[in-house]
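Presented below is the structure to which this report refers.
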Amino acid sequence: MIRSYITAAVRNLLKYKGYSVINVIGLAIGLAGCVLMLLYVQYEFSYDGFHEKKDRIYRLENHSEMSGIARKVAISPAPWGPALLNDYPGIESMARLKLAMGSHTIQYGDKAFYGEAIVYADSALFDIFTFPLVRGNPRTALAAPFTAVVSESFARAHFGETDPIGLSMNISGFYSVTVTGVMSDVP
């Protein structure tokens, strides 16, 4: 029975070659598109999946309309975090993160590093997110103003074998920060 189905299929493929090629190419493109979409969705769901409390972490988005154009961005005014923490008892903790705009020069002694990404964060960052510290205490790493936690690759590249804890760096000539922690590189 199956043999007759296969024989009929092969005969039709050979009899209608142009139609068969179009169908096979369409099927291949459709399957490739489905696989690419599934890979994209899997990637999006795996993003920041290494955090232990990932099911309890939420990001505040700002929806606004300006000149008839709707905007949805993950940027909100800084006072919203403390206000929401104060007004909603279901919120356990909050941390504000802000990527410093533009390129900055980080100076340590006579060495200068240009173009490093700088992220400003609240002291509760390590209570919410799982960024394991190789050196330093996550409870006190960002407790004081003008303290910094650097990545392990940054510490290795710019400080070598020197322990960076307690070292002072100057950021773009505006202010000085003290390194209080070294965190593992983010996956």
Side-chain angles (χ1 to χ4, degrees), residues 39-62 71-88 90-187:
L39 288 173
Y40 177 75
V41 168
Q42 179 187 16
Y43 170 75
E44 287 297 318
F45 278 114
S46 70
Y47 189 74
D48 282 347
F50 63 93
H51 295 296
E52 292 173 5
K53 301 174 187 174
K54 65 182 174 190
D55 58 327
R56 295 175 25 214
I57 298 174
Y58 295 90
R59 182 168 82 175
L60 188 62
E61 286 186 350
N62 188 4
R71 293 181 49 196
K72 182 167 70 169
V73 293
I75 300 170
S76 55
W80 283 12
L84 290 171
L85 185 63
N86 186 39
D87 295 346
Y88 293 92
I91 299 176
E92 298 172 25
S93 184
M94 74 84 201
R96 296 169 292 186
L97 298 168
K98 181 178 182 347
L99 180 64
M101 299 309 246
S103 296
H104 298 278
T105 305
I106 301 171
Q107 190 166 1
Y108 162 68
D110 59 347
K111 299 178 185 176
F113 326 118
Y114 181 74
E116 297 291 344
I118 298 174
V119 178
Y120 300 105
D122 285 323
S123 60
L125 178 76
F126 296 111
D127 296 336
I128 299 169
F129 297 101
T130 308
F131 295 121
L133 291 186
V134 177
R135 294 184 193 114
N137 183 351
R139 298 268 181 235
T140 60
L142 295 174
F146 300 107
T147 54
V149 174
V150 297
S151 68
E152 197 171 16
S153 58
F154 178 90
R156 194 177 318 111
H158 300 302
F159 298 114
E161 296 300 317
T162 306
D163 184 11
I165 302 293
L167 297 179
S168 184
M169 300 182 300
N170 191 308
I171 310 295
S172 296
F174 295 122
Y175 54 91
S176 187
V177 295
T178 304
V179 178
T180 56
V182 177
M183 69 177 195
S184 297
D185 290 330
V186 177

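Atoms considered below: every heavy atom in the structure, side chains included; atoms not considered: hydrogens, waters and symmetry mates.
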Partners meeting side-chain hydrogen bond (donor to acceptor under 3.5 Å, both in side chains) with Y175 (sequence neighbours left out): Y120
From T180 atom OG1 to I165 atom CD1, the distance as rounded to the nearest 0.5 Å: 6.5 Å
The test is side-chain contact (heavy atoms from CB on, under 4.5 Å); show your working for K72 and E61 and say whether it passes. CA-CA 7 Å; K72 182 167 70 169; E61 286 186 350; 3.4 Å; yes
Under the rule for ring-ring contact (aromatic ring centres under 6.0 Å, His included), what residues qualify as partners of Y108, not counting sequence neighbours? F159
Let me have the donor-acceptor pairs involving side chains of residues 75-85, under 3.5 Å, with sequence neighbours excluded, atom names and distances please.
none

Taking only residues two or more places apart in sequence or in another chain, which ones pass side-chain hydrogen bond (donor to acceptor under 3.5 Å, both in side chains) with E152? none
All heavy atoms of A95 vs all of A124, minimum pair found to be CB-C, 4.2 Å
Tell me, yes or no, whether the heavy-atom count around E44 atom CD, taken from other residues, nucleotides or ligands under 6.0 Å, exceeds 12. yes
Going by atom type alone, with no hydrogens or angles, which donor-acceptor pairs under 3.5 Å involve a side-chain atom of residues 129-143 and a protein atom two or more places apart or on another chain?
| residue | atom | partner | partner atom | Å |
| --- | --- | --- | --- | --- |
| T130 | OG1 | E52 | N | 2.8 |
| N137 | OD1 | R139 | N | 3.0 |
| R139 | NH1 | D127 | OD1 | 2.6 |

Is it true that a side-chain atom of S172 and a backbone atom of T105 form a donor plus acceptor pair closer than 3.5 Å? yes
Using only atom types and a distance under 3.5 Å, with no angle test, would you say the side chain of D122 pairs donor to acceptor with the backbone of R96? yes
side-chain hydrogen bond (donor to acceptor under 3.5 Å, both in side chains) partners for R56, two or more places apart: E92
Could I get the full list of ring-ring contact (aromatic ring centres under 6.0 Å, His included) partners for H104, not counting sequence neighbours? none
Closest heavy-atom pair, L97 versus A121, reported as atoms and distance to 0.1 Å, is CD2-CB, 3.4 Å
Residues in side-chain hydrogen bond (donor to acceptor under 3.5 Å, both in side chains) with S153, at least two apart? S151, D185
I'd like to know whether I118 forms a side-chain contact (heavy atoms from CB on, under 4.5 Å) with I106, so could you lay out the CA-CA distance, the side-chain angles of the two residues, the decisive distance to 0.1 Å, and finally the verdict. CA-CA 10 Å; I118 298 174; I106 301 171; 4.3 Å; yes
Please report the C-alpha distance between M94 and L60 in whole Å, then the side-chain angles of each, then the deciding distance to 0.1 Å, and finally whether the side-chain contact (heavy atoms from CB on, under 4.5 Å) criterion is met. CA-CA 10 Å; M94 74 84 201; L60 188 62; over 6 Å; no
Set of salt bridge (charged side-chain N to carboxylate O under 4.0 Å, His left out) partners for R71, sequence neighbours left out: none
